Structure formats: C-alpha cells, structure tokens
Amino acid sequence: MTTDPTQETPLVRLRSDGAVDEETLSYARTKIDAVVGRPGLPAATGEVRIARAASHHSDRPWSATADLRIGGRQVVAEAEEATGTEVVDRLQDRLRRQTDHAAHTRDGRNRTAVPPWRGGGGRPVPGAGPGGSGEPAGME
C-alpha cells in the first residue's frame, strides 16, 4: 500500500469480505500505509484482509488479517474487534510491533552465536583433518 499516485498497483493489497464500508477501507489503507511506508523499513509486499461477519450476535464481528513480506521476513498479524475502526487500530499496533522486530533482526544483529556444542565457534579448515578432508578424526 503506497500513497504514490504514479504507482498503478500497491505492493500491499487491501481486500474486504462482507459488508465493509468504504470509510473503513480508506481508514485501513491510511493506517497500513503508515506502518509499511516508514523510512528505513525494507519494501513490503502482501495482503491485508478486513472482514465483517454477517451474524449480528457476535461480540466481535470485525476481523483483520495481514500477511506481509518485509525484506526477507514474513510478518503475520490478526485482530478481532467490535467496530471497523477498532480492528484497524489493533491490527496497526500489532503490525508495527512485528515490522519493528523484522526491521531490527533483518541483518542478524540480534542473533546469538551458536554455542560450540551445536557446531558453532570453529569451522573445519580444509585439509586439516586426517586424509585432508577437513573433518576432525573419526568424523569421516
């Protein structure tokens, strides 16, 4: 979802199911664009779906689901609320948290080192093991 009028197809599609009014869709487009269009965030692609249940006896007839790719990471967020505005706001909060996490971990800065007992720490040097295979003794 981009607000650039020169772009024909937004990268994040907004879809609706059920009796979703245009005002709610416009509000959702604005809120989702604010999340995925932030400076420093990798390009986002995917889909946001907003639905309104036909049954009137439900406590939370509105639901929203976002399935996005931000950089190389998948971000999924879901929300259910009583009104269209509330569900969009809840989805925006959850998406912002998920996209912040995806943006901060996309380059691996927040990953811990693999402990030596799980194969981390040292790499076999080619030709260092018996027979020149690079494997430690007994691992051939």
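All values reported here derive from a predicted model rather than from experimental measurement.
Residues passing the side-chain hydrogen bond (donor to acceptor under 3.5 Å, both in side chains) test with Glu81, sequence neighbours excluded: Arg90. Applying the side-chain hydrogen bond (donor to acceptor under 3.5 Å, both in side chains) test to Arg38 and every residue at least two apart in sequence or in another chain returns Thr99, Asp100.
Between Val75 and the options Leu95, Val35, Val36, a side-chain contact (heavy atoms from CB on, under 4.5 Å) holds for only Leu95.
Distance check, rounded to the nearest 0.5 Å: CG of Leu91 to CD1 of Ile50 gives 7.0 Å. Between the CZ atom of Arg13 and the CG atom of Leu68 there is a distance of 11.0 Å, given to the nearest 0.5 Å. Taken from CD in Glu80 to CH2 in Trp62, the straight-line distance is 13.5 Å, to the nearest 0.5 Å. Asp67 CG to Glu78 CD: the interatomic distance, rounded to the nearest 0.5 Å, is 9.5 Å. Atom-to-atom distance recorded for Leu11:CG and Arg69:CZ is 14.5 Å, nearest 0.5 angstrom. Atom CG of Asp89 is separated from atom OH of Tyr27 by 3.5 Å, given to the nearest 0.5 angstrom.
In this structure, the side chains of Val88 and Thr30 stay at 4.5 Å or more apart for every pair of heavy atoms. The shortest side-chain heavy-atom distance between Thr45 and Ile70 does not fall under the 4.5 Å cut-off. His101 has its side chain within reach of Arg73: a pair of non-hydrogen atoms, C-beta onward, lies under 4.5 Å apart.
Of all heavy-atom pairs spanning Gln92 and Ala34, the tightest one is NE2-CB, 4.2 Å.
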Using a 3.5 Å cut-off and no angle test, enumerate the donor-acceptor pairs between side-chain atoms of residues 14-21 and protein atoms at least two apart in sequence or in another chain.
residue, atom, partner, partner atom, Å
Arg15, NE, Glu47, OE1, 3.1
Asp17, OD1, Arg49, NH1, 3.3
Asp17, OD2, Arg49, NH1, 3.2
Asp21, OD1, Thr24, OG1, 2.8
Asp21, OD2, Thr24, N, 3.3
Asp21, OD2, Thr24, OG1, 3.3

(request) Please assess Thr65 against Val48 for the test side chain to side chain contact (heavy atoms under 4.5 Å, CB included), listing each intermediate value before the final yes or no. (result) CA-CA 6 Å; Thr65 305; Val48 174; over 6 Å; no

